[in-house]
Amino acid sequence: MAEKGTPASGLLAQQLDSPSRVDDVSDRLITAIAVGEYLPGARLPVERELAQALGVGRMTVRAALARLVERGLLETRRGRGGGSYVLEQWPESSTEAVGRTLTMRFDELRDRCEAIARLHGAVCRAAADSRSEEDIAALNLRLDDYRTAESGRAAQLADSRLHLTIMDAAHNATLKQVLLELESANSVGTSTHLWGEPATMREMELRALREHTALIEAIADGRGDDADAIARKHLTIDLEHIAAAMRRAGVRTA
């Protein structure tokens with residue numbers, strides 16, 4: 001049966017391409033988990049959302065997810081709250097797929113990370129210009145949430161909420177939409193930032209806390225230049241995680 005949305009005339013071509021498509025999607029999902037886009041305990045987006053993000057059909061996504069279940073990276077839960085949940089982040093069996101995926105996509109990922117950092121800087125500059133007293137209160141609340149969050153997935157979610165609150169403080173819906181779309185294009189199916197490996201995770205979280213604190217102070221004080229510069233420096237963390245993953249996979253970067 002053809003995947004939904006595939007013209008009947010393209011069925012044979014799709015059947016011929018299907019194994020390579022499943023391989024590619026499997027590698028991308030393995031890599032997303034390894035570099036900390038999805039941490040253990042996280043639920044992946046539903047098949048429909050993953051298919052849209054990856055530009056493939058749902059049957060391809062379903063086959064790729066089944067492979068990750070077989071490899072022990074995911075488990076499938078049924079019923080309310082069901083879905084595909086991450087069990088393990090980076091077993092040795094994932095290393096080859098991580099190296100292969102990041103080698104193929106590194107130039108693209110580097111360019112997008114740089115673009116995201118520049119756009120985040122613009123958003124934070126706008127927030128420094130446009131924030132209200134209510135925005136400042138909300139930002140400090142989100143900063144406290146991040147400060148007290150447990151290491152790992154809880155901190156990652158608190159980080160995401162903080163950055164969304166900064167976007168809201170900019171009071172520019174178009175700028176927010178462009179940034180979220182670019183972040184989604186740089187990931188598998190979510191705009192959460194990469195969280196790296198357990199060995200370096202806590203060190204990164206404490207660094208991010210220092211940078212978050214300086215950033216919120218700059219926004220609250222209306223220091224647009226400082227907010228822009230701090231945000232752009234802060235967003236280099238994602239590319240650092242990618243480079244670290246490549247080193248672990250034995251891939252050299254320029």
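Only heavy atoms go into these numbers, but all of them, side chains included; no hydrogens, no water, no symmetry mates. Note that the numbering runs from 1 along the sequence shown for the chain.
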Exercise for review: Could you tell me which non-hydrogen atom of Ala97 sits nearest to which non-hydrogen atom of Thr31, and how far apart they are?
Suggested key: O-OG1, 3.6 Å
**Study point:** Centroid separation His120 to His163 less than 6.0 Å
**Key:** yes
Review point. Are Asp107 and Arg110 within salt-bridge range, i.e. N to O under 4.0 Å?
Key: yes
Practice item. State the CZ-CG distance between Arg161 and Leu143, to the nearest 0.5 angstrom. Key: 13.0 Å
**Study point:** Modelled atom types, side-chain donor and acceptor of Trp195 and Glu37, under 3.5 Å
**Key:** no
Check your understanding: Applying the side chain to side chain donor-acceptor pair (under 3.5 Å) test to Glu197, which of Arg248, His241, Gln89 qualifies?
Key -> Arg248
Check your understanding: When you look at CD of Gln52, are more than 12 heavy atoms from neighbouring residues, nucleotides or ligands closer to it than 6.0 Å?
Key -> no
**Study point:** Minimum heavy-atom distance between Gly152 and Leu39, given as atom pair plus value
**Key:** C-CD1, 3.5 Å
Exercise for review: Heavy atoms only: give me the nearest Ala214-Ile230 pair and the separation to one decimal.
Suggested key: O-CD1, 3.7 Å
**Study point:** Glu205 and Arg202 ion-paired at < 4.0 Å
**Key:** yes
**Study point:** Side-chain H-bond candidate by donor/acceptor type, Ser184 with Glu181, under 3.5 Å
**Key:** no
Exercise for review: Count the heavy atoms of every other residue, nucleotide or ligand shown that sit under 6.0 Å from CZ of Arg147, and state whether that count exceeds 12.
Suggested key: yes
Check your understanding: Does Leu73 belong to the same Ile/Leu/Val/Met/Phe/Trp/Tyr cluster as Tyr85, with side-chain heavy atoms less than 4.5 Å apart forming each link?
Key -> no
Practice item. For Asp23 and Ser26, test the side chains for any donor-to-acceptor distance below 3.5 angstrom and give the result as yes or no. Key: no
Check your understanding: Roughly how far, to the nearest 0.5 Å, is CG of Asp226 from CG of Asp221?
Key -> 9.0 Å
Exercise for review: Enter the distance from Asp145:CG to Leu141:CG here, rounded to the nearest 0.5 Å.
Suggested key: 5.0 Å
Check your understanding: To the nearest 0.5 Å, how far apart are CG in Leu182 and CZ in Arg118?
Key -> 12.5 Å
**Study point:** More than 12 heavy atoms of other groups within 6.0 Å of Glu96 CD
**Key:** no
**Study point:** salt_bridge(Arg232, Glu114) N-O dist < 4.0 Å
**Key:** no
